[in-house]
Amino acid sequence: MGGMMRRSYLVAAKSGLLAQRIVESRRLLKKCNLCPRRCHVDRLAGELGLCRTGAVAEVSGYGPHFGEEAVLVGKMGSGTIFFCGCSLLCVFCQNYDISHPEESDCFPVDEVQLARLMVDLQEQGCGNINLVTPGHVVPQILAALPHAVENGLTVPLVYNSSGYDSVSILQLLDGIVDIYMPDFKFWSADSAKRYANAEDYPEIARRALKEMQRQVGDLRINERGEAEQGLIVRHLLMPGGAAETDAILKFLAEEISVNCYVNIMDQYRVSGMARQFPELGAVISVTEYQQAMLRAEEYGLNRLNGTYKHTRGRSKLTHQNSND
(Lines give C-alpha, C1' and ligand atoms only; values in the text may rest on other atoms or scores of the structure.)
Protein backbone atom coordinates (compact mmCIF):
# COMPACT_ATOMS: atom_id res chain seq x y z
CA MET A 1 0.00 0.00 0.00
CA GLY A 2 1.05 3.65 0.07
CA GLY A 3 1.91 6.32 -2.45
CA MET A 4 3.34 6.07 -5.92
CA MET A 5 6.57 4.09 -6.18
CA ARG A 6 9.52 5.05 -8.30
CA ARG A 7 9.24 3.12 -11.55
CA SER A 8 11.80 0.37 -12.06
CA TYR A 9 12.53 1.34 -15.66
CA LEU A 10 13.13 4.99 -14.69
CA VAL A 11 15.80 3.91 -12.21
CA ALA A 12 17.27 1.55 -14.84
CA ALA A 13 17.35 4.31 -17.47
CA LYS A 14 19.16 6.67 -15.13
CA SER A 15 21.70 4.09 -13.93
CA GLY A 16 22.64 2.82 -17.39
CA LEU A 17 21.19 -0.62 -16.70
CA LEU A 18 18.52 -0.18 -19.37
CA ALA A 19 21.09 0.69 -22.05
CA GLN A 20 23.07 -2.41 -21.13
CA ARG A 21 20.03 -4.65 -21.35
CA ILE A 22 19.09 -3.22 -24.76
CA VAL A 23 22.47 -4.27 -26.16
CA GLU A 24 22.32 -7.71 -24.52
CA SER A 25 18.80 -8.47 -25.73
CA ARG A 26 19.33 -7.33 -29.31
CA ARG A 27 22.22 -9.78 -29.70
CA LEU A 28 19.76 -12.60 -29.03
CA LEU A 29 17.80 -11.80 -32.21
CA LYS A 30 20.76 -12.87 -34.35
CA LYS A 31 20.21 -16.50 -33.38
CA CYS A 32 16.92 -16.16 -31.59
CA ASN A 33 16.47 -17.93 -28.28
CA LEU A 34 14.18 -15.39 -26.64
CA CYS A 35 11.57 -18.00 -25.78
CA PRO A 36 11.76 -21.68 -24.80
CA ARG A 37 11.18 -22.69 -28.43
CA ARG A 38 14.74 -21.54 -29.28
CA CYS A 39 14.13 -21.33 -33.03
CA HIS A 40 17.68 -19.97 -33.60
CA VAL A 41 16.62 -17.99 -36.68
CA ASP A 42 18.33 -14.72 -37.61
CA ARG A 43 15.51 -12.28 -37.00
CA LEU A 44 17.79 -9.31 -37.73
CA ALA A 45 18.05 -10.67 -41.28
CA GLY A 46 14.30 -11.12 -41.60
CA GLU A 47 14.14 -14.83 -40.82
CA LEU A 48 10.96 -15.91 -39.02
CA GLY A 49 10.55 -18.54 -36.33
CA LEU A 50 7.40 -19.87 -34.72
CA CYS A 51 6.30 -16.42 -33.50
CA ARG A 52 6.43 -15.13 -37.12
CA THR A 53 8.02 -11.86 -36.00
CA GLY A 54 11.25 -10.47 -37.42
CA ALA A 55 13.45 -7.60 -36.26
CA VAL A 56 10.55 -5.18 -35.78
CA ALA A 57 7.63 -5.70 -33.40
CA GLU A 58 4.13 -5.81 -34.84
CA VAL A 59 0.99 -4.57 -33.10
CA SER A 60 -2.65 -5.41 -33.81
CA GLY A 61 -4.09 -2.60 -31.73
CA TYR A 62 -3.78 -0.53 -28.59
CA GLY A 63 -5.99 1.48 -26.27
CA PRO A 64 -7.54 1.71 -22.80
CA HIS A 65 -8.84 -1.72 -21.72
CA PHE A 66 -11.59 -1.97 -19.10
CA GLY A 67 -11.89 -5.77 -18.99
CA GLU A 68 -8.71 -6.35 -17.01
CA GLU A 69 -8.34 -6.83 -13.24
CA ALA A 70 -9.74 -3.93 -11.23
CA VAL A 71 -6.29 -3.13 -9.83
CA LEU A 72 -5.09 -2.46 -13.39
CA VAL A 73 -8.18 -0.76 -14.82
CA GLY A 74 -8.53 2.09 -12.32
CA LYS A 75 -10.72 4.90 -13.60
CA MET A 76 -9.33 5.29 -17.12
CA GLY A 77 -8.45 1.74 -18.16
CA SER A 78 -5.30 -0.30 -18.54
CA GLY A 79 -3.12 0.98 -21.39
CA THR A 80 -3.02 -2.16 -23.47
CA ILE A 81 -0.73 -2.87 -26.43
CA PHE A 82 -1.51 -6.12 -28.25
CA PHE A 83 1.58 -7.56 -29.92
CA CYS A 84 1.10 -9.88 -32.88
CA GLY A 85 2.60 -13.33 -32.77
CA CYS A 86 3.11 -15.71 -29.87
CA SER A 87 5.60 -18.34 -28.76
CA LEU A 88 2.96 -20.69 -27.31
CA LEU A 89 0.02 -20.79 -29.77
CA CYS A 90 -2.62 -22.63 -27.75
CA VAL A 91 -5.28 -24.26 -29.90
CA PHE A 92 -8.02 -22.56 -27.84
CA CYS A 93 -6.48 -19.07 -27.92
CA GLN A 94 -9.14 -16.41 -27.33
CA ASN A 95 -7.02 -13.96 -29.32
CA TYR A 96 -6.37 -16.41 -32.14
CA ASP A 97 -6.37 -13.76 -34.86
CA ILE A 98 -3.69 -11.81 -32.99
CA SER A 99 -1.46 -14.71 -31.98
CA HIS A 100 -1.49 -15.98 -35.57
CA PRO A 101 -0.33 -12.87 -37.50
CA GLU A 102 -1.36 -14.26 -40.88
CA GLU A 103 -4.94 -14.10 -39.58
CA SER A 104 -4.74 -10.49 -38.39
CA ASP A 105 -4.24 -6.94 -39.58
CA CYS A 106 -0.92 -6.22 -37.89
CA PHE A 107 1.22 -3.14 -38.33
CA PRO A 108 4.95 -2.83 -37.65
CA VAL A 109 6.21 -0.36 -35.05
CA ASP A 110 9.81 0.69 -34.66
CA GLU A 111 11.17 1.67 -31.25
CA VAL A 112 10.18 5.34 -31.60
CA GLN A 113 6.65 4.44 -32.69
CA LEU A 114 6.25 1.90 -29.90
CA ALA A 115 7.38 4.51 -27.38
CA ARG A 116 4.81 6.91 -28.81
CA LEU A 117 2.04 4.35 -28.23
CA MET A 118 3.10 4.02 -24.59
CA VAL A 119 3.15 7.76 -24.00
CA ASP A 120 -0.14 8.24 -25.86
CA LEU A 121 -1.85 5.71 -23.58
CA GLN A 122 -0.52 7.53 -20.53
CA GLU A 123 -1.77 10.83 -21.95
CA GLN A 124 -5.21 9.24 -22.35
CA GLY A 125 -5.21 8.68 -18.60
CA CYS A 126 -4.32 4.99 -18.48
CA GLY A 127 -2.74 4.00 -15.19
CA ASN A 128 -0.24 1.52 -16.65
CA ILE A 129 1.23 0.18 -19.89
CA ASN A 130 -0.02 -3.38 -20.39
CA LEU A 131 2.21 -5.29 -22.82
CA VAL A 132 0.23 -8.30 -24.06
CA THR A 133 2.20 -11.34 -25.29
CA PRO A 134 5.57 -9.58 -25.05
CA GLY A 135 8.03 -12.48 -24.68
CA HIS A 136 9.13 -12.61 -28.31
CA VAL A 137 9.59 -8.82 -28.56
CA VAL A 138 11.54 -8.10 -25.37
CA PRO A 139 14.45 -6.45 -27.26
CA GLN A 140 12.05 -4.17 -29.14
CA ILE A 141 10.27 -3.18 -25.91
CA LEU A 142 13.53 -2.43 -24.15
CA ALA A 143 14.73 -0.34 -27.10
CA ALA A 144 11.52 1.72 -26.98
CA LEU A 145 11.76 2.57 -23.29
CA PRO A 146 14.46 5.28 -23.46
CA HIS A 147 12.34 7.17 -26.00
CA ALA A 148 9.25 6.74 -23.82
CA VAL A 149 11.12 7.92 -20.72
CA GLU A 150 12.45 10.93 -22.60
CA ASN A 151 8.86 11.83 -23.51
CA GLY A 152 7.57 11.56 -19.96
CA LEU A 153 6.46 7.96 -19.36
CA THR A 154 6.01 7.34 -15.61
CA VAL A 155 3.22 4.75 -15.19
CA PRO A 156 3.88 1.09 -14.23
CA LEU A 157 5.03 -1.32 -16.92
CA VAL A 158 3.04 -4.58 -17.01
CA TYR A 159 4.48 -7.75 -18.59
CA ASN A 160 1.35 -9.74 -19.55
CA SER A 161 2.48 -13.18 -20.73
CA SER A 162 1.44 -16.79 -21.26
CA GLY A 163 3.85 -17.95 -18.57
CA TYR A 164 6.00 -19.61 -21.23
CA ASP A 165 8.99 -17.41 -20.41
CA SER A 166 12.65 -18.35 -20.19
CA VAL A 167 14.27 -17.38 -16.89
CA SER A 168 17.30 -16.02 -18.76
CA ILE A 169 15.07 -13.55 -20.62
CA LEU A 170 13.17 -12.59 -17.49
CA GLN A 171 16.51 -11.77 -15.91
CA LEU A 172 17.03 -9.17 -18.64
CA LEU A 173 13.85 -7.52 -17.34
CA ASP A 174 14.93 -7.57 -13.70
CA GLY A 175 14.88 -4.00 -12.44
CA ILE A 176 12.84 -2.82 -15.44
CA VAL A 177 9.36 -4.42 -15.30
CA ASP A 178 7.10 -3.22 -12.47
CA ILE A 179 4.28 -5.77 -12.68
CA TYR A 180 4.42 -9.32 -14.01
CA MET A 181 1.08 -10.84 -15.04
CA PRO A 182 1.62 -14.39 -16.35
CA ASP A 183 -0.93 -17.06 -17.06
CA PHE A 184 -0.44 -20.51 -15.57
CA LYS A 185 -2.29 -22.61 -18.14
CA PHE A 186 -1.31 -26.27 -17.78
CA TRP A 187 0.00 -28.40 -14.95
CA SER A 188 0.12 -31.58 -17.03
CA ALA A 189 2.81 -32.06 -19.67
CA ASP A 190 0.32 -34.14 -21.66
CA SER A 191 -2.17 -31.25 -21.80
CA ALA A 192 0.56 -28.78 -22.72
CA LYS A 193 1.71 -31.09 -25.50
CA ARG A 194 -1.80 -31.70 -26.83
CA TYR A 195 -3.05 -28.12 -26.75
CA ALA A 196 0.13 -26.08 -27.34
CA ASN A 197 2.78 -28.53 -28.59
CA ALA A 198 4.84 -27.45 -25.57
CA GLU A 199 5.40 -30.46 -23.33
CA ASP A 200 7.86 -28.44 -21.27
CA TYR A 201 5.32 -25.69 -20.46
CA PRO A 202 4.54 -26.77 -16.86
CA GLU A 203 8.19 -26.80 -15.80
CA ILE A 204 8.98 -23.61 -17.71
CA ALA A 205 6.02 -21.82 -16.11
CA ARG A 206 6.95 -22.94 -12.60
CA ARG A 207 10.47 -21.60 -13.03
CA ALA A 208 9.22 -18.39 -14.63
CA LEU A 209 6.75 -17.61 -11.84
CA LYS A 210 9.39 -18.20 -9.19
CA GLU A 211 11.72 -15.78 -10.99
CA MET A 212 8.99 -13.17 -11.37
CA GLN A 213 8.15 -13.45 -7.67
CA ARG A 214 11.84 -13.11 -6.80
CA GLN A 215 12.08 -9.91 -8.81
CA VAL A 216 8.92 -8.05 -7.79
CA GLY A 217 7.34 -9.92 -4.88
CA ASP A 218 3.71 -9.81 -3.79
CA LEU A 219 1.49 -7.22 -5.47
CA ARG A 220 1.59 -3.78 -3.88
CA ILE A 221 -1.44 -1.54 -4.31
CA ASN A 222 -1.68 2.19 -3.67
CA GLU A 223 -4.34 4.09 -1.73
CA ARG A 224 -6.43 4.41 -4.91
CA GLY A 225 -6.63 0.63 -5.26
CA GLU A 226 -4.24 0.58 -8.27
CA ALA A 227 -1.39 -1.89 -8.74
CA GLU A 228 2.07 -0.35 -8.40
CA GLN A 229 4.47 -3.31 -8.37
CA GLY A 230 4.42 -7.07 -7.95
CA LEU A 231 3.02 -10.31 -9.33
CA ILE A 232 -0.49 -11.09 -10.61
CA VAL A 233 -1.20 -14.66 -11.74
CA ARG A 234 -4.06 -15.64 -14.03
CA HIS A 235 -5.47 -19.13 -14.45
CA LEU A 236 -8.14 -19.93 -17.03
CA LEU A 237 -10.42 -22.76 -15.97
CA MET A 238 -10.60 -25.41 -18.70
CA PRO A 239 -13.18 -28.13 -19.43
CA GLY A 240 -12.18 -31.24 -17.49
CA GLY A 241 -9.25 -29.39 -15.95
CA ALA A 242 -10.20 -29.44 -12.26
CA ALA A 243 -7.23 -31.59 -11.22
CA GLU A 244 -4.77 -29.32 -13.01
CA THR A 245 -6.39 -26.24 -11.48
CA ASP A 246 -6.04 -27.81 -8.04
CA ALA A 247 -2.33 -28.53 -8.59
CA ILE A 248 -1.66 -25.01 -9.87
CA LEU A 249 -3.39 -23.39 -6.89
CA LYS A 250 -1.45 -25.62 -4.50
CA PHE A 251 1.82 -24.63 -6.20
CA LEU A 252 0.99 -20.92 -5.97
CA ALA A 253 0.22 -21.18 -2.27
CA GLU A 254 3.17 -23.36 -1.33
CA GLU A 255 5.94 -22.19 -3.68
CA ILE A 256 5.03 -18.62 -4.65
CA SER A 257 3.12 -16.96 -1.79
CA VAL A 258 -0.23 -17.25 -0.02
CA ASN A 259 -0.40 -13.50 -0.63
CA CYS A 260 -0.10 -13.99 -4.40
CA TYR A 261 -2.79 -11.99 -6.23
CA VAL A 262 -4.64 -14.65 -8.26
CA ASN A 263 -7.32 -14.25 -10.91
CA ILE A 264 -9.20 -17.51 -11.51
CA MET A 265 -10.99 -16.91 -14.79
CA ASP A 266 -14.22 -18.63 -15.83
CA GLN A 267 -14.72 -17.19 -19.30
CA TYR A 268 -13.37 -20.08 -21.38
CA ARG A 269 -15.13 -20.31 -24.71
CA VAL A 270 -14.56 -22.41 -27.81
CA SER A 271 -12.12 -20.37 -29.91
CA GLY A 272 -9.32 -20.86 -32.39
CA MET A 273 -8.91 -24.53 -33.26
CA ALA A 274 -10.60 -25.83 -30.10
CA ARG A 275 -13.44 -27.32 -32.14
CA GLN A 276 -10.99 -29.94 -33.36
CA PHE A 277 -10.80 -31.27 -29.78
CA PRO A 278 -14.17 -32.66 -28.62
CA GLU A 279 -13.21 -32.44 -24.94
CA LEU A 280 -12.80 -28.67 -25.28
CA GLY A 281 -16.40 -28.15 -26.38
CA ALA A 282 -17.83 -27.61 -22.88
CA VAL A 283 -18.20 -24.40 -20.90
CA ILE A 284 -17.27 -23.69 -17.29
CA SER A 285 -20.22 -23.86 -14.91
CA VAL A 286 -20.80 -21.59 -11.93
CA THR A 287 -20.32 -24.61 -9.67
CA GLU A 288 -16.91 -25.37 -11.21
CA TYR A 289 -15.86 -21.78 -10.68
CA GLN A 290 -17.08 -21.78 -7.08
CA GLN A 291 -15.23 -25.01 -6.37
CA ALA A 292 -11.98 -23.60 -7.77
CA MET A 293 -12.30 -20.46 -5.67
CA LEU A 294 -13.04 -22.51 -2.57
CA ARG A 295 -9.99 -24.70 -3.19
CA ALA A 296 -7.83 -21.60 -3.52
CA GLU A 297 -9.04 -20.42 -0.13
CA GLU A 298 -8.46 -23.85 1.38
CA TYR A 299 -4.83 -23.67 0.23
CA GLY A 300 -4.52 -20.33 2.00
CA LEU A 301 -4.54 -18.01 -1.02
CA ASN A 302 -6.09 -14.84 0.33
CA ARG A 303 -5.97 -12.35 -2.56
CA LEU A 304 -8.44 -13.63 -5.15
CA ASN A 305 -9.68 -11.32 -7.90
CA GLY A 306 -13.44 -10.67 -7.88
CA THR A 307 -15.95 -10.70 -5.03
CA TYR A 308 -16.56 -14.41 -4.54
CA LYS A 309 -17.61 -15.20 -0.97
CA HIS A 310 -18.52 -18.32 0.95
CA THR A 311 -20.15 -18.59 4.34
CA ARG A 312 -20.74 -21.56 6.64
CA GLY A 313 -19.73 -24.01 3.95
CA ARG A 314 -22.07 -22.49 1.36
CA SER A 315 -20.48 -20.67 -1.55
CA LYS A 316 -21.88 -17.59 -3.21
CA LEU A 317 -20.76 -16.06 -6.50
CA THR A 318 -21.43 -12.33 -6.43
CA HIS A 319 -19.33 -11.37 -9.44
CA GLN A 320 -17.83 -13.10 -12.44
CA ASN A 321 -14.69 -11.92 -14.17
CA SER A 322 -14.81 -10.78 -17.77
CA ASN A 323 -11.13 -10.69 -18.65
CA ASP A 324 -9.92 -11.48 -22.15
Side-chain angles (χ1 to χ4, degrees), residues 9 34-35 50-53 56-74 76-90 92-101 103-109 111 113-122 124 126-142 144-145 148 153 155-165 169-170 173 176-185 196 205 208-209 212 216 227 231-236 261 263 265 267-268 271-272 305 321-324:
Y9 60 86
L34 284 173
C35 82
L50 183 135
C51 71
R52 311 307 296 166
T53 304
V56 178
E58 295 186 345
V59 169
S60 69
Y62 77 105
H65 191 2
F66 293 88
E68 302 286 61
E69 288 76 359
V71 293
L72 293 181
V73 170
M76 302 298 289
S78 179
T80 308
I81 300 175
F82 290 95
F83 291 103
C84 292
C86 179
S87 60
L88 191 56
L89 298 176
C90 300
F92 54 83
C93 182
Q94 296 182 8
N95 289 321
Y96 189 87
D97 60 331
I98 297 172
S99 60
H100 295 68
E103 305 287 339
S104 179
D105 293 327
C106 298
F107 58 94
V109 288
E111 58 197 48
Q113 293 167 325
L114 181 54
R116 183 65 249 172
L117 298 187
M118 296 180 188
V119 174
D120 182 49
L121 288 168
Q122 177 177 276
Q124 292 183 51
C126 297
N128 50 72
I129 303 303
N130 187 345
L131 306 167
V132 181
T133 321
H136 60 298
V137 288
V138 165
Q140 293 88 339
I141 291 168
L142 292 175
L145 282 175
L153 189 70
V155 295
L157 197 66
V158 182
Y159 185 91
N160 181 346
S161 82
S162 68
Y164 197 51
D165 297 290
I169 303 306
L170 294 175
L173 299 171
I176 293 171
V177 165
D178 299 295
I179 299 168
Y180 283 105
M181 187 164 62
D183 292 336
F184 198 148
K185 296 177 181 290
L209 266 66
M212 294 173 183
V216 297
L231 177 67
I232 299 171
V233 179
R234 290 171 160 178
H235 173 62
L236 178 67
Y261 190 101
N263 184 3
M265 303 185 295
Q267 69 269 26
Y268 171 80
S271 305
N305 189 66
N321 299 311
S322 58
N323 302 59
D324 291 326

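- In this structure, Glu58 does not pair ionically with Arg52, as no charged nitrogen and carboxylate oxygen lie closer than 4.0 Å.
- Nearest heavy-atom pair across Pro156 and Asp178 is CA-OD2, 3.4 Å.
- Tyr180 meets the ring-ring contact (aromatic ring centres under 6.0 Å, His included) test with Tyr159; sequence neighbours excluded.
- Among all heavy-atom pairs drawn from Leu72 and Ala227, the shortest one is CD2-CB, 4.0 Å.
- In terms of the side chain to side chain contact (heavy atoms under 4.5 Å, CB included) criterion, residue partners of Pro139 (sequence neighbours excluded) are, by chain and number, Ser25, Leu29, Leu34.
- Heavy-atom minimum distance, Leu121 versus Ile81: CD1-CG1, 3.7 Å.
- Although no hydrogens or angles enter the test, the distance criterion places no donor-acceptor pair under 3.5 Å between the side chain of Gln94 and the main chain of Ser271.
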Problem set entry | Steps toward side-chain contact (heavy atoms from CB on, under 4.5 Å) verdict (Asp165, Met212) | CA-CA 10 Å; Asp165 297 290; Met212 294 173 183; 3.5 Å; yes
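- Cys90 is linked by a side chain to side chain contact (heavy atoms under 4.5 Å, CB included) to Leu88, Phe92, Lys185, Phe186, Ala196, counting only residues two or more places apart in sequence or in another chain.
- The shortest distance between side-chain heavy atoms of Tyr164 and Asp183 does not fall below 4.5 Å.
- Looking at Val71 and Tyr261, their side chains come closer than 4.5 Å, going by heavy atoms from C-beta outward.
- Proximity of Thr53 to Val137: side-chain heavy atoms (C-beta onward) are separated by under 4.5 Å at one or more points.
- Considering CG of Leu157 and CE of Met118, their distance stands at 6.0 Å, rounded to 0.5 Å.
- Nearest approach of Glu69 to Ile232, heavy atoms of both residues: OE2-CG2, 4.5 Å.
- Listed by chain and number, the residues in a side chain to side chain contact (heavy atoms under 4.5 Å, CB included) with Ala115 are Ala144, His147, Ala148 (sequence neighbours excluded).
- Between Val138 and Leu173, the closest heavy-atom pair is CG1-CD2, 3.9 Å.
- Summarising the geometry of Gly61 relative to Phe107, their closest heavy-atom pair is N-CE2, 4.2 Å, with the distance given to 0.1 Å.
- Atoms OG1 and CZ, from Thr80 and Phe66 in turn, are 9.5 Å apart once rounded to the nearest 0.5 Å.
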Please table the atom pairs, donor to acceptor, closer than 3.5 Å between any side-chain atom in residues 129-136 and protein atoms at least two apart or in another chain.
{"residue": "Asn130", "atom": "OD1", "partner": "Asn160", "partner atom": "ND2", "Å": "3.1"}
{"residue": "Asn130", "atom": "ND2", "partner": "Glu68", "partner atom": "OE2", "Å": "2.7"}
{"residue": "Asn130", "atom": "ND2", "partner": "Ser78", "partner atom": "OG", "Å": "3.2"}
{"residue": "His136", "atom": "NE2", "partner": "Cys84", "partner atom": "O", "Å": "2.8"}

Exercise. Can you list the steps and then say if Leu114 with Phe83 is a side-chain contact (heavy atoms from CB on, under 4.5 Å)?
Worked result: CA-CA 11 Å; Leu114 181 54; Phe83 291 103; 4.0 Å; yes
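- The side chain to side chain donor-acceptor pair (under 3.5 Å) search around Gln124 returns Asp120, not counting sequence neighbours.
- A heavy-atom distance below 4.5 Å is not found between the side chains of Ile179 and Asn128.
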